[in-house]
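Worksheet: the structure to be examined is printed underneath.
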Amino acid sequence: MDIVLLVKAAVMGIVEGLTEFLPISSTGHLILAGSLLGFDDAKAKVFDIAIQTGAIFAVILVYWQKIQSTVVALPRQPKARRLAVNVVVGFLPAVVLGLIFGKMIKAHLFTPVVVASTFIIGGFIILWAEKRPPGSVRIEHVDDMTTWDALKVGLVQCFAMIPGTSRSGSTIIGGMLLGLSRQAATDFSFFLAIPTLIGAGAYSLYKERALLSAADIPLFSVGLVFSFLSAWLCVRWLLKYISTHNFIPFAWYRIAFGIVVLATAWTGVVVWAE
């Protein structure tokens, strides 16, 4: 058992868990962290997607009461059925566009410079979104969303296929721009993450199964455990944070971090792997 490799897996798991549900791009951070750690081969790319499942288990745990009550109420409550349908509708655009463009995007856009650039662009979009007039919110609670609202958020989520954009950033900020409150957009982003990330992880493992063997189980297990633990802490913190704060600090973090990556890449201070 390669201890150094397991430590790298733990670090990557922590990075995944801490960044998956913040509007700062987990994929972008994993690409940069993998580049610095020398953990960026074909198997590492499968690992990056697979450990998202650990982060999703954290969301399921935090939202378990809501998920359970919704499932139990499906046969008798229209509100529960509407939420379930909305999650499915919001999930479908990512499936369709992911199958069409996923391979091309991975081949050409999974680079540190692209990630840094989208960090910066996304930061300015967050600043713009947070300047919305107070009366622009029309949906206060996730249960009040229509199917059309869910489809629009699902389409916005597809921008996250570009690394560095952030899936949660696209859905939360996109939802806010579409009229959802900060709380409603965050809740729907978390619910939408469940089928999206579990589906992406399962598809990636199946598609790249020839790269994997039983010897990889410890590596993936460590990544999943650390991803779960760090995501559980992060989700609980974020839900408290958004009740009294906005996303502007994350915008400035994205801009500053993106500038640092671009500067180190152009000056040669850090040799980022392509």
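Worth knowing before you read on, the calculation uses all heavy atoms, side chains too, and leaves out hydrogens, waters and symmetry mates.
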Same apolar cluster (I L V M F W Y, side chains within < 4.5 Å links), V88/V96 = no

Could you check if a side-chain atom of M176 sits within less than 4.5 angstrom of a side-chain atom of S136, using non-hydrogen atoms only?
-> no

Which atom pair, heavy atoms only, marks the closest approach of L97 to C158?
-> CD1-SG, 3.6 Å

For D143 and K66, run salt bridge (Lys or Arg N to Asp or Glu O under 4.0 Å): C-alpha distance rounded to whole Å, both residues' side-chain angles, the deciding distance at 0.1 Å, then the answer.
-> CA-CA 11 Å; D143 290 331; K66 174 66 173 178; 3.0 Å; yes

Under a 4.5 Å side-chain heavy-atom rule over Ile, Leu, Val, Met, Phe, Trp and Tyr, are I217 and L212 clustered together?
-> no

Go through the steps for I67 and F191 under the test side chain to side chain contact (heavy atoms under 4.5 Å, CB included), then give the verdict.
-> CA-CA 9 Å; I67 294 170; F191 290 134; 4.2 Å; yes

Report yes if some heavy atom in the side chain of Y203 is under 4.5 Å from a heavy atom in the side chain of L99; otherwise report no.
-> yes

Same apolar cluster: V89 and L192, side chain cutoff 4.5 Å = no

If you round to the nearest 0.5 Å, how far is CD of Q183 from CG of L239?
-> 6.5 Å

Can you tell me how far CD1 of I51 sits from CG of L197, rounded to the nearest 0.5 angstrom?
-> 11.5 Å

Residue pair L151 / P93, side-chain heavy-atom distance below 4.5 Å | yes

Atom CZ of R254 and atom CD1 of I125: how far apart are they, to the nearest 0.5 Å?
-> 8.0 Å

Going from CG on L6 to CG on L219, what distance comes out if it is rounded to the nearest 0.5 angstrom?
-> 6.5 Å

Going from CD1 on I31 to CG on D48, what distance comes out if it is rounded to the nearest 0.5 angstrom?
-> 8.0 Å

OG-CD1 distance between S168 and I24, expressed to the nearest 0.5 angstrom | 8.0 Å

May I ask you to test the L32-F119 pair for a side-chain heavy-atom distance under 4.5 Å?
-> yes

Minimal non-hydrogen separation, R182 against N246, with atom names | NH2-CB, 3.4 Å

Treat each ILVMFWY residue as a node, draw an edge where side-chain heavy atoms are under 4.5 Å apart, and state whether Y206 and I56 are in one component.
-> no

Is there a chain of hydrophobic side chains (I, L, V, M, F, W, Y, each step under 4.5 Å between heavy atoms) that links M145 to W148?
-> no

Is the closest side-chain heavy-atom distance between V87 and I194 below 4.5 Å?
-> no

What orientation do Y253 and F257 show, parallel under 30°, tilted 30 to 60°, or perpendicular over 60°?
-> parallel

Identify the heavy atoms of P75 and R81 that sit nearest to each other, and give their distance.
-> O-NH1, 3.3 Å

Within a radius of less than 6.0 Å around CZ of F57, do more than 12 heavy atoms belonging to other residues, nucleotides or ligands occur?
-> no

Can you tell if the side chain of W237 reaches within under 4.5 Å of the side chain of L18, non-hydrogen atoms only?
-> no

